[in-house]
Amino acid sequence: MQVVRVPQEAAAWGAKARWQGLTIGFVPTMGALHEGHLSLVEEARRNCSAVVASIFVNPLQFTDPADLRNYPRQEGRDLTLLEGAGCDMVFLPTETGIYADHTRRTYDLGGLDQRLEGISRPGHFQGVVNVVERLFHFVRPDQVFFGEKDRQQLTVIQHIAKQLHWPEHIVPVPTVRAADGLALSSRNQRLNLEERAIAPVLYRALERVREAAFTMPVAEALEAGRAELAKAPAVRLDHLEIVDAELLLPLANWNGHDRAVALVAAWLGPVRLIDNITLHRSA
Ligand code: AMP
């Protein structure tokens with residue numbers, strides 16, 4: 001596995017791979033890798049003949065300086081995991097390298113960045129799209145793998161890729177969970193033992209919503225989820241919403257929808273956790 005820090009060298013690696021007729025699968029990450037990230041690498045392996053991952057903690061997408069400062073960093077361990085997962089090249093840019101000669105852009109995200117996560121983290125999705133554009137510029141992948149864990153991020157990227165006719169094919173990958181249902185996340189490392197034991201309540205709340213979905217009114221399905229969360233007073237709810245799967249706009253009722261998404265964001269101790277599930281109308 002090749003480790004590349006200079007963007008121009010990453011671009012040259014990609015150009016050579018394409019010249020050799022390889023298709024490049026790309027997995028952008030912020031490191032502190034876990035099984036969720038590795039499932040993206042595995043999916044890239046299945047779909048493409050060369051796999052590139054990147055590790056870059058992107059300052060532009062952090063709205064809270066403490067979150068950026070405390071974000072876990074473990075490069076040596078990450079490289080071992082990526083090598084084991086069959087990654088061919090890891091791109092580890094520096095901030096000055098990736099943003100050299102770059103003018104920060106404000107993208108038209110059709111309002112997608114103004115709701116849900118966008119309310120608590122203004123500017124976050126603009127920061128995500130800026131870095132993704134930079135990473136794509138250098139790596140020039142054929143397919144890019146994003147986790148459904150960050151549903152709004154996935155939707156934002158799908159939206160902008162379509163709007164700007166980006167040639168990269170965006171591939172969603174299902175959320176990997178711990179045995180108790182907690183969605184794997186780098187931020188879980190910052191939970192203490194007590195908080196870690198409480199954290200699966202987010203997923204249980206989503207399951208309560210799923211049980212009520214399409215049979216009970218939307219408001220009652222949300223109430224069932226909130227009641228589950230209320231059992232854990234340490235959890236400070238940010239939002240629990242049921243939205244349509246395309247624009248992520250809140251649903252007033254189930255009419256005309258066979259699919260919807262339930263999303264939750266909540267604070268537990270020093271950590272803000274997010275999760276979501278897709279709701280399907282059963283036939
Ligand atoms: P991050 O390092 O948090 O920026 O995540 C990098 C990529 O991994 C994003 O596309 C995430 O959605 C994805 N990801 C993070 N956690 C999971 C998970 N538990 N299951 C699947 N994908 C995940």
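Remember, it's 1-based here, ligands and their atoms both numbered in the order they're listed.
The two residues Lys149 and Asn276 come nearest to each other via the heavy atoms O-ND2, 3.1 Å. Minimum heavy-atom separation, Asp67 to Arg190: OD1-NH1, 4.3 Å. Across all non-hydrogen atoms, the minimal contact from Ser186 to His37 is OG-CE1, 3.5 Å. Counting all heavy atoms, side chain and backbone alike, Ala232 lies closest to Ile198 at CB-CG2, 3.8 Å. Residues Val173 and Ser39 come closest through the heavy atom pair CG1-OG, 3.9 Å. In this structure, Pro122 and Thr63 approach most closely via the heavy-atom pair O-CG2, 2.9 Å.
For Leu154, no heavy-atom contact with ligand 1 is shorter than 4.0 Å. Only the backbone of Pro174 comes within 4.0 Å of ligand 1, counting heavy atoms alone; no side-chain atom from C-beta on gets that close. Within the 4.0 Å heavy-atom criterion, the part of His34 lying near ligand 1 is the side chain and not the backbone. When heavy-atom distances to ligand 1 are checked against a 4.0 Å cut-off, Pro28 comes that close only through its backbone atoms N, CA, C and O.
Ligand 1 is approached by Tyr71 to a heavy-atom distance shorter than 4.0 Å. Glu35 does not count as a contact of ligand 1, since none of its heavy atoms falls under 4.0 Å from the ligand.
Contact of the Pro270 side chain with the Glu195 side chain is registered, since non-hydrogen atoms from C-beta on lie closer than 4.5 Å. Inter-residue side-chain proximity for Asn130 and Arg105 is flagged as met; some heavy-atom pair is nearer than 4.5 Å.
Remark: minimum distance from atom 20 (N) of ligand 1 to any protein heavy atom is reached at Val176 N, 2.9 Å. For atom 12 (O) of ligand 1, the closest non-hydrogen atom of the protein is Asp150 OD2, 2.7 Å. For atom 23 (C) of ligand 1, the closest non-hydrogen atom on the protein side is Lys149 CB, 4.0 Å.
Considering backbone and side-chain atoms together, Gly147 places an N or O closer than 3.5 Å to an N or O of ligand 1. In terms of N/O distances under 3.5 Å, ligand 1 is not approached by Leu40.
With sequence neighbours left out, the side-chain hydrogen bond (donor to acceptor under 3.5 Å, both in side chains) criterion links Gln61 to Asn58.
Which parts of ligand 1 touch Leu184 is read off a 4.0 Å heavy-atom cut-off, strictly below it: atoms 16 (N), 17 (C), 18 (C), 19 (N).
Nearest to atom 5 (O) of ligand 1 by heavy atom, out of Met30, Arg151, His37, is His37.
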